[in-house]
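Treat the numbers as computed from the prediction; the structure is a model and nothing was measured. Just so you know, residue 1 is the first one in the sequence shown, and it goes up from there.
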Amino acid sequence: SIAKNLTWRYEIIQVYPLDFEEYLEWFNLNLYEQYKKLTPTLNNAFYTKIEKIFEEYLKFDSRPNQSMKRIFAKNFEMFFRFIRFSNNLPFFERYYKSYVKYKDLIPDELSKANLFQYFGYFFWMKNENEISIKYFNDSLDIANASGDTKAIPRRYTNLGFLYETIGDLDKAEYFYL
């Protein structure tokens with residue numbers, strides 16, 4: 001099977017003998033459960049293992065189809081969601097490089113919008129306000145274009161808060177209102 005040709009753990013494949021895409025979807029669902037359990041104790045080894053899985057898959061299939069790209073995108077969203085909620089700036093710096101490397105694998109605009117919110121937050125934490133504003137604005141533009149009314153208010157609020165913290169109260173007021 002395809003999965004046996006990769007260096008993934010054979011015993012997992014024996015337990016769940018699906019085709020490779022079904023295996024990854026199953027893995028993705030279980031990965032979310034693992035993320036939830038690991039939230040209090042995130043460690044670099046866990047993320048490194050997931051990154052290695054991405055790399056192994058891309059050695060096998062350098063041009064993944066749309067469903068595979070969605071799986072990659074959801075994993076990146078989970079990565080950065082948990083990194084954001086753990087406020088782990090060193091992890092952000094490490095895995096932001098992975099995002100840059102694999103960003104073409106993220107076809108979904110709303111996934112990009114969510115990632116840009118996390119990036120905006122971390123660049124704000126690093127006092128790189130211009131980059132933060134760019135990511136927050138890009139996220140807002142995507143949300144506005146998509147019509148996702150649930151996501152839009154938070155994006156305006158984040159920009160308002162950022163402008164307030166850097167002392168640009170006129171722009172802060174614009175985004176708050």
Side-chain angles (χ1 to χ4, degrees), residues 1-10 12-13 15-39 42-86 88 91-123 131-132 134-152 154-155 158:
S1 92
I2 294 169
K4 288 180 187 175
N5 292 329
L6 297 174
T7 58
W8 295 23
R9 297 177 56 151
Y10 181 71
I12 292 174
I13 295 165
V15 170
Y16 201 78
L18 299 175
D19 73 22
F20 194 66
E21 266 190 50
E22 288 175 329
Y23 170 76
L24 281 177
E25 287 179 31
W26 171 83
F27 178 80
N28 194 37
L29 291 173
N30 285 299
L31 186 62
Y32 182 73
E33 294 303 315
Q34 292 177 36
Y35 278 134
K36 287 193 318 192
K37 290 176 189 172
L38 289 171
T39 300
L42 292 173
N43 64 55
N44 197 43
F46 178 73
Y47 287 111
T48 301
K49 182 177 181 179
I50 302 307
E51 187 177 41
K52 190 169 201 70
I53 290 170
F54 284 174
E55 290 170 358
E56 287 181 14
Y57 180 81
L58 292 171
K59 284 178 187 173
F60 167 75
D61 180 7
S62 63
R63 295 185 308 153
N65 65 28
Q66 289 296 76
S67 66
M68 291 304 300
K69 287 181 177 182
R70 281 192 296 278
I71 290 171
F72 283 117
K74 290 300 174 192
N75 276 284
F76 270 108
E77 281 187 77
M78 283 189 281
F79 267 176
F80 286 104
R81 179 181 308 129
F82 286 105
I83 290 170
R84 161 60 183 96
F85 292 119
S86 66
N88 194 324
F91 275 21
F92 169 75
E93 290 172 343
R94 164 73 173 90
Y95 292 101
Y96 179 74
K97 293 173 188 171
S98 291
Y99 162 77
V100 171
K101 182 177 178 181
Y102 298 119
K103 68 183 176 184
D104 293 336
L105 296 176
I106 302 173
D108 178 54
E109 291 298 309
L110 288 178
S111 290
K112 289 178 188 176
N114 292 334
L115 288 168
F116 292 169
Q117 282 294 295
Y118 302 133
F119 300 164
Y121 171 79
F122 277 107
F123 281 108
I131 298 171
S132 179
K134 180 191 178 331
Y135 274 120
F136 281 147
N137 274 320
D138 289 350
S139 179
L140 177 61
D141 290 345
I142 292 168
N144 280 331
S146 76
D148 182 1
T149 57
K150 292 180 182 178
I152 293 170
R154 181 180 59 217
R155 285 159 172 77
N158 286 344

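In terms of the side-chain hydrogen bond (donor to acceptor under 3.5 Å, both in side chains) criterion, residue partners of Asp61 (sequence neighbours excluded) are, by chain and number, Tyr57. Checked against salt bridge (charged side-chain N to carboxylate O under 4.0 Å, His left out), Lys69 has no partners two or more places apart in sequence or in another chain. In terms of the side-chain hydrogen bond (donor to acceptor under 3.5 Å, both in side chains) criterion, Tyr99 has no residue partners (sequence neighbours excluded). In terms of the ring pair (Phe, Tyr, Trp, His ring centres under 6.0 Å) criterion, residue partners of Phe122 (sequence neighbours excluded) are, by chain and number, Phe92. The salt bridge (charged side-chain N to carboxylate O under 4.0 Å, His left out) test applied to Lys101 returns Glu55, not counting sequence neighbours. Residues satisfying the ring pair (Phe, Tyr, Trp, His ring centres under 6.0 Å) test with Tyr102, not counting sequence neighbours, are none. When the ring pair (Phe, Tyr, Trp, His ring centres under 6.0 Å) test is applied to Phe80, the partners found at least two apart in sequence or on another chain are Phe119. Looking at residues two or more places apart in sequence or on another chain, you find a side-chain hydrogen bond (donor to acceptor under 3.5 Å, both in side chains) between Asp108 and Ser111. Scanning for salt bridge (charged side-chain N to carboxylate O under 4.0 Å, His left out) contacts around Lys134 gives Asp138, with sequence neighbours left out.
Under a 3.5 Å cut-off, the side chain of Ser139 and the backbone N or O of Ala113 do form a donor-acceptor pair.
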Checklist entry - What's the verdict on side-chain contact (heavy atoms from CB on, under 4.5 Å) for Leu58 and Phe72, showing C-alpha distance, side-chain angles and the deciding distance? => result CA-CA 11 Å; Leu58 292 171; Phe72 283 117; 4.2 Å; yes
Next on the checklist: Run the salt bridge (Lys or Arg N to Asp or Glu O under 4.0 Å) test on Glu109 and Lys112 for me, step by step, so that the C-alpha distance in whole Å, both residues' side-chain angles and the decisive distance to 0.1 Å come before the verdict.
Outcome noted: CA-CA 5 Å; Glu109 291 298 309; Lys112 289 178 188 176; 3.3 Å; yes
Item to check | From CA spacing to verdict: ring pair (Phe, Tyr, Trp, His ring centres under 6.0 Å), Tyr96, Phe123 | outcome: CA-CA 11 Å; Tyr96 179 74; Phe123 281 108; 5.3 Å; yes
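If you take CZ on Arg70 and CG on Leu105, they are separated by 13.0 Å, rounding to the nearest 0.5 Å. Atom CG in Asn114 sits 10.5 Å away from atom CD1 in Ile106 (nearest 0.5 Å). Taking CD1 from Ile83 and OH from Tyr118, the interatomic distance works out to 10.5 Å, rounded to the nearest 0.5 Å. The CG atom of Asn137 lies 12.0 Å from the CZ atom of Arg155; values are rounded to the nearest 0.5 Å. Note that CZ of Phe60 is 12.5 Å distant from CD of Glu56, once rounded to the nearest 0.5 Å. To the nearest 0.5 Å, the span separating CD1 on Ile53 from CG on Asn75 amounts to 8.5 Å.
Using a cutoff of 4.0 Å between basic side-chain nitrogens and carboxylate oxygens, Lys74 and Glu77 are scored as salt-bridged.
Between Gly120 and Phe136 the shortest heavy-atom distance is C-CZ, 3.5 Å.
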